[in-house]
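Please read all numbers here as calculations on a predicted model, not as lab measurements. All chains are named by letter (A, B, ...) in the order of the sequence lines, taking the proteins before the strands, and each is independently numbered beginning at 1.
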2 protein chains.
Amino acid sequence: MPAPVRESTVRDTSPMRISARVDYAVRAALHLAAARQDAPIKAEAIAEAQDIPHKFLEGILNDMRRGGLVTSQRGGNGGYRLARAAGAITVADIIRTVDGPLVSVRGVRPPELSYDGPARTLLPLWIALRANVREILEGVSLEDIASDALPSGVADLADDPAAWDNP
Amino acid sequence: MPAPVRESTVRDTSPMRISARVDYAVRAALHLAAARQDAPIKAEAIAEAQDIPHKFLEGILNDMRRGGLVTSQRGGNGGYRLARAAGAITVADIIRTVDGPLVSVRGVRPPELSYDGPARTLLPLWIALRANVREILEGVSLEDIASDALPSGVADLADDPAAWDNP
DNA sequence: CACTATTCCCACCAATCTCATAGGGAAGAT
DNA sequence: ATCTTCCCTATGAGATTGGTGGGAATAGTG
């Protein structure tokens with residue numbers, strides 16, 4: 001008889017995990033970037049357009065306001081606007097505002113780490129990884145995304161069909 | 001009188017978070033890579049050398065065995081060995097084995113996402129990000145790290161002093 | 001054979017994080 | 001005044017993280 005197959009229970013907590021908060025924040029910001037800039041946009045309108053839970057989004061917009069990325073206006077005909085031009089807000093800005101540092105290892109930022117023995121060269125690896133991630137996320141603005149014109153280096157990466165395969 | 005300053009409570013859950021599991025797994029694998037290959041190494045010896053909680057490490061080594069990265073031997077004089085040459089095991093292999101996919105957005109892998117409206121071009125961005133992360137993590141083997149010889153592209157990134165600054 | 005060493009497997013735990021929901025207060029517009 | 005909209009706090013279920021502990025299986029040794 002066949003041996004009982006053991007379930008291989010794969011953990012699916014990706015090291016690079018873009019949270020719902022970040023995803024929603026970027027999409028909300030894109031919605032603001034795409035809108036005409038004279039009138040503020042209501043949270044409810046963004047929530048509906050982008051299919052984001054309304055109250056959850058309110059909290060995120062609030063964080064972005066505290067972080068200086070958007071401004072808000074209360075009362076009838078109130079809403080949110082970008083605080084700066086869409087070309088002057090990067091994805092990294094948004095991530096850092098709503099979710100903290102881009103890269104951490106065991107909860108601390110790479111430069112605070114110290115390794116010993118054969119793991120000594122692990123630190124430069126994490127540093128290089130972070131530099132690489134920064135290069136992308138700090139190099140792409142809301143305007144780049146909204147106008148469908150990613151910087152050429154980024155666009156090249158996305159144009160490689162292999163990049164779309166799951167491993 | 002001065003207005004009361006509101007605490008800006010920053011969330012510190014980095015999007016790219018190398019977990020303790022991954023950090024420990026890579027360090028353990030490096031310890032194995034650095035050792036002479038004829039005798040297996042005990043979990044306890046690795047735990048002590050790399051300052052990793054022993055029982056926690058056992059679970060991680062077990063995952064790596066199931067994932068085919070290491071082999072194990074029970075009983076007196078037992079322990080662990082790398083299942084392949086150190087040059088044939090990449091950091092990405094280890095991460096995928098102990099922590100799942102490299103990159104995910106809201107828990108799913110980028111190709112499964114669908115965006116609408118001004119967020120349409122967000123997907124290529126996440127794809128490019130993932131490709132970039134892959135390039136680093138799939139391009140660095142245990143041997144590269146243990147011999148302190150990162151691939152030139154990676155080493156270049158780490159050699160830039162700006163890469164060591166926290167933003 | 002008994003004994004010891006070591007991996008292997010399972011259950012458990014506390015703290016934290018994620019992704020929300022609910023209710024009402026504050027401020028601005030009409 | 002009234003209505004609209006943002007702003008704040010509290011609550012909560014469920015998952016994840018980073019562990020710990022107890023024993024069962026397996027291999028070598030006297």
Side-chain angles (χ1 to χ4, degrees), chain A residues 4 6-15 17-25 28 32 39-48 51-67 70-81 98-100 104-108, chain B residues 3-4 6-15 17-25 27-28 32 39-48 51-67 70-81 98-100 104-108:
Chain A
R6 180 163 295 282
E7 226 26 87
S8 82
T9 24
V10 178
R11 183 178 297 265
D12 73 338
T13 67
S14 309
R17 179 177 161 74
I18 303 297
S19 64
R21 285 180 65 80
V22 164
D23 190 51
Y24 292 163
L32 294 179
I41 315 266
K42 293 188 247 300
E44 178 60 42
I46 305 175
E48 191 167 350
D51 197 33
I52 300 172
H54 169 224
K55 294 293 277 183
F56 193 32
L57 176 61
E58 270 197 356
I60 294 168
L61 286 167
N62 226 311
D63 287 346
M64 287 203 277
R65 178 185 56 86
R66 289 200 193 94
V70 303
T71 59
S72 64
Q73 169 91 14
R74 296 207 250 202
N77 275 56
Y80 295 89
R81 292 186 187 93
V98 306
D99 239 22
S104 73
V105 178
R106 269 168 31 235
V108 313
Chain B
R6 181 162 295 282
E7 224 29 86
S8 84
T9 25
V10 177
R11 180 179 299 264
D12 72 337
T13 66
S14 309
R17 177 175 162 73
I18 304 296
S19 64
R21 285 180 65 80
V22 164
D23 189 52
Y24 292 163
R27 282 157 58 192
L32 293 179
I41 315 266
K42 292 187 249 300
E44 179 60 42
I46 305 175
E48 191 167 347
D51 197 33
I52 300 172
H54 170 220
K55 293 293 280 182
F56 192 35
L57 176 61
E58 269 197 357
I60 295 168
L61 285 166
N62 226 312
D63 286 347
M64 288 204 275
R65 178 187 56 86
R66 288 201 194 90
V70 304
T71 60
S72 65
Q73 169 92 14
R74 295 208 248 202
N77 275 53
Y80 295 88
R81 293 186 187 92
V98 307
D99 239 22
S104 73
V105 178
R106 269 168 31 235
V108 313

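Across the protein-nucleic acid pair, B:R66 atom CZ and C:dC8 atom P stand 9 Å apart, rounded to whole Å. Atoms CG (B:D63) and C1' (C:dC9) sit 12 Å apart, rounded to a whole Å. The separation between B:E44 atom CD and C:dC8 atom C1' is 16 Å, rounded to whole Å. In this structure, A:I60 places its CD1 atom 14 Å from P of D:dC6, rounding to the nearest Å. Regarding B:M64, its CE atom lies at a distance of 12 Å from the P atom of C:dC8, rounded to whole Å. The distance between atom CZ of B:R21 and atom P of D:dA15, rounded to the nearest whole Å, is 18 Å. Look at NE2 on A:H54: it is 14 Å from P on D:dT4, rounded to the nearest Å. Here the P atom of nucleotide D:dT20 and the CG atom of B:L57 are 12 Å apart, to the nearest Å.
For the pair B:I60 and B:M64, the minimum side-chain heavy-atom distance is below 4.5 Å. The side-chain heavy atoms of B:Y80 and B:T71, taken from C-beta on, include no pair separated by under 4.5 Å. A:Y24 has its side chain within reach of A:P53: a pair of non-hydrogen atoms, C-beta onward, lies under 4.5 Å apart.
No hydrogens or angles were tested; on distance alone, nothing pairs the side chain of B:K55 with the base of D:dG18 as donor and acceptor under 3.5 Å.
One finds no side-chain N or O of B:R106 lying less than 4.0 angstrom from the OP1 or OP2 phosphate oxygen of C:dA20. B:Y24 has no side-chain polar atom (N or O) that falls below the 4.0 Å cut-off from OP1 or OP2 of D:dG18. Listed pair A:S72 / D:dC7 meets the phosphate criterion, a side-chain N or O lying under 4.0 Å from OP1 or OP2. Dashed line: the shortest gap from a side-chain N or O of A:R17 to OP1 or OP2 of C:dC19 is under 4.0 Å. Neither OP1 nor OP2 of D:dC6 sits under 4.0 Å from any side-chain N or O of A:N62.
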B/S/- contact track for nucleotides 24-30 of chain D, protein heavy atom under 4.0 Å
-BBBS--

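Comparing A:F56 and B:Y80, the nucleotide of DNA chain C nearest to each residue sits closer to the 5' end for B:Y80.
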With side-chain contact (heavy atoms from CB on, under 4.5 Å) as the criterion, how do B:D99 and B:S19 come out once you've worked through the C-alpha distance, each side chain's angles and the decisive distance to 0.1 Å?
CA-CA 8 Å; B:D99 239 22; B:S19 64; 3.0 Å; yes

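The residues B:R27 and B:D51 are annotated as not salt-bridged, no charged nitrogen and carboxylate oxygen being separated by less than 4.0 angstrom.
Contacts of A:R65 with the nucleic acid, taken as non-hydrogen atoms under 4.0 Å apart, involve only primed sugar atoms and P, OP1 or OP2. Across all strands shown, A:G79 has heavy atoms under 4.0 Å from sugar-phosphate atoms exclusively, and none from any base.
With A:R17 contributing its side chain and B:V105 its backbone, the two residues share no donor-acceptor pair below 3.5 Å. Formation of a donor-acceptor pair under 3.5 Å by the B:R21 side chain with backbone atoms of B:V98 is found in this model.
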